[in-house]
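Below you'll find the structure, written out as structure tokens, and then a few comments.
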2 protein chains.
Amino acid sequence: MTTTALTPAQMADRTGVTIDTLRYYEREGLLTNVERASSGHRRYSEDDAIWVEVLRCLRDTGMTMAQLRHYCDLAEIGEDTKDERQQILMDHRVLVEAQIEERKTALRLIDHKLSFYSDFSGAELS
Amino acid sequence: MTTTALTPAQMADRTGVTIDTLRYYEREGLLTNVERASSGHRRYSEDDAIWVEVLRCLRDTGMTMAQLRHYCDLAEIGEDTKDERQQILMDHRVLVEAQIEERKTALRLIDHKLSFYSDFSGAELS
DNA sequence: CAACAACCTGGAGCGCACTCCAGGTCAAGT
DNA sequence: ACTTGACCTGGAGTGCGCTCCAGGTTGTTG
């Protein structure tokens, strides 16, 4: 009754992560306990797919491979690492919020610079 | 009457960019027409400092070296490239806005995942 | 059963943005 | 005159996160 087992190609399609990268994540310990068919071919579970989506989200917002590996290592250990895992997410949350602020500042700066292009004046700087 | 000429060390201090990186930017054409003292040592102008700050802001929000070099090349050419330079900034603006949205989505996902840690339940996924 | 696609492994290679280094020059202080 | 420290150049090295490859196995399709 294991709902859907995804082939590597299906998994790549589903998550938008290439097959090579999926294997790389597994090698690096960011994706654990991936099942295999009798042929030795990987069969990804729905939970794997969801985790890869989370993983990508964390990566895209600047969490490093090392941090993600650490998080996965903790998850492997089990329940008594919940607090640390929670802390990792909370710390990353703060970081993402800072990134949003940084980008809002960037928008203001870009707008400021753009104002010189829309202006009648030909001022170049500041 | 050139207000303040900054030494490399002062420039690094002012902008938060290392001396090595400043030289690297210059080599790569991201920082042009830097003056020299009679000794051959660089003397950065206030405008250089401001530009490096802008440059860092654009880099930090994902503009590549190649794009920045292109922008600088255009600025070197002069007035008739203003439209293209404006367009580059407007394009980047759109990108930064998308980054903000991406990060807001990330926050929601992190919060969702955090909710499982704060819950009474010990559910692990989704 | 032949051909072909999808998958496997271990390991090498790549692009980006720095970062560091060797070997030399220049300017100021003692 | 000598030391010290900031700077110069050209070029090599680094770390990260993939990405690609060779050489082999498996599974499907006609």
Side-chain angles (χ1 to χ4, degrees), chain A residues 4-45 48-49 51-72 92 95 99 102, chain B residues 4-45 48-49 51-72 92 95 99 102:
Chain A
T4 33
L6 300 163
T7 65
Q10 286 167 339
M11 183 72 164
D13 204 56
R14 157 79 187 263
T15 61
V17 173
T18 69
I19 292 176
D20 266 320
T21 302
L22 287 168
R23 277 196 292 255
Y24 170 63
Y25 286 164
E26 199 177 335
R27 250 185 284 175
E28 295 296 311
L30 272 56
L31 188 51
T32 50
N33 308 317
V34 175
E35 300 214 12
R36 300 291 180 125
S38 56
S39 60
H41 293 190
R42 286 174 182 79
R43 286 299 117 91
Y44 297 98
S45 70
D48 290 335
W51 167 242
V52 168
E53 276 157 14
V54 173
L55 195 169
R56 280 308 321 167
C57 175
L58 296 173
R59 281 283 309 112
D60 288 343
T61 53
M63 191 176 283
T64 64
M65 298 289 290
Q67 286 170 120
L68 278 162
R69 176 165 41 234
H70 181 56
Y71 185 91
C72 288
H92 189 66
L95 215 130
Q99 290 174 4
E102 187 182 28
Chain B
T4 33
L6 301 164
T7 65
Q10 286 167 338
M11 183 72 165
D13 204 56
R14 156 80 187 262
T15 62
V17 173
T18 69
I19 293 177
D20 266 321
T21 302
L22 287 169
R23 276 197 292 255
Y24 170 64
Y25 286 164
E26 198 178 334
R27 249 186 284 176
E28 295 297 311
L30 271 57
L31 189 50
T32 50
N33 307 318
V34 175
E35 300 214 12
R36 301 291 179 124
S38 57
S39 60
H41 294 190
R42 287 173 181 79
R43 287 296 119 93
Y44 298 97
S45 70
D48 289 335
W51 168 241
V52 168
E53 276 157 14
V54 173
L55 195 170
R56 280 309 320 167
C57 174
L58 295 172
R59 279 284 309 113
D60 287 343
T61 52
M63 191 176 283
T64 64
M65 299 288 289
Q67 286 168 122
L68 278 162
R69 176 166 39 234
H70 182 56
Y71 185 91
C72 289
H92 190 66
L95 215 131
Q99 290 175 4
E102 186 181 29

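Each chain gets a letter, A, B and so on, in the order the sequences are listed, and its residues count up from 1.
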Separation of C:dA5 atom P from A:Ile19 atom CD1, nearest Å, is 14 Å
CZ of B:Arg27 to OG1 of B:Thr21, rounded to nearest 0.5 Å, is 10.0 Å
Rounded to whole Å, the CE-P distance (B:Met65 to C:dC16) equals 10 Å
In whole angstroms, the gap separating P of D:dG10 from CD of B:Glu26 amounts to 11 Å
When we call it a touch if two heavy atoms are under 4.0 Å apart, what does A:Arg69 touch: a base, just sugar-phosphate, or nothing? nothing
Distance col, row B:Thr64:OG1 vs B:His92:NE2, nearest 0.5 angstrom, shows 9.5 Å
In whole angstroms, the gap separating P of C:dC7 from CZ of A:Arg36 amounts to 12 Å
Counting only side-chain N and O atoms of A:Thr7, is one of them less than 4.0 Å from OP1 or OP2 of C:dC7?
yes
With sequence neighbours left out, the residues meeting side-chain contact (heavy atoms from CB on, under 4.5 Å) with B:Arg23 are B:Ile19, B:Asp20, B:Arg42
Extract from the structure each pairing of a protein N or O with an N or O of nucleotides 19-22 of chain D at less than 3.5 Å, listing the distance.
unit_1, atom_1, unit_2, atom_2, d
D:dC20, N4, A:Asp20, OD1, 3.4

Interatomic distance, OG1@B:Thr15 vs CD@B:Gln10, rounded to 0.5 Å, equals 11.5 Å
- Query: Is there a donor-acceptor contact under 3.5 Å from the side chain of B:Glu28 to the main chain of B:Met65?
  - Reply: no
Counting primed atoms, P, OP1 and OP2 as sugar-phosphate and everything else as base, the B/S/- map of nucleotides 24-30 of chain D against protein heavy atoms under 4.0 Å is --SS---
In whole angstroms, the gap separating C1' of D:dC7 from CD of B:Gln10 amounts to 13 Å
The residue among A:Arg69, A:Arg59, A:Arg56 that forms side chain to side chain donor-acceptor pair (under 3.5 Å) with A:Tyr25 is A:Arg56
Separation of C:dA17 atom C1' from B:Leu58 atom CG, nearest Å, is 16 Å
Here the gap from B:Tyr44 atom OH to B:Arg14 atom CZ, rounded to the nearest 0.5 Å, amounts to 13.5 Å
B:Asp13 CG to D:dC7 P, in whole Å, measures 11 Å
Rounded to whole Å, CZ of A:Arg42 lies from C1' of C:dC8 at a distance of 7 Å
Subject >> Main-chain N/O of B:Ser45 paired with B:Asp48 side-chain donor or acceptor, under 3.5 Å >> reply: yes
Between B:Tyr25 and A:Tyr44, whichever has its closest DNA chain C nucleotide further toward 5' is A:Tyr44
Testing C:dC8, D:dG17, C:dA6 for proximity to the side chain of A:Arg59, the answer is D:dG17
Query raised in the report: Looking at side-chain heavy atoms only, is the closest gap between B:Arg43 and B:Thr7 below 4.5 Å?
Result: yes
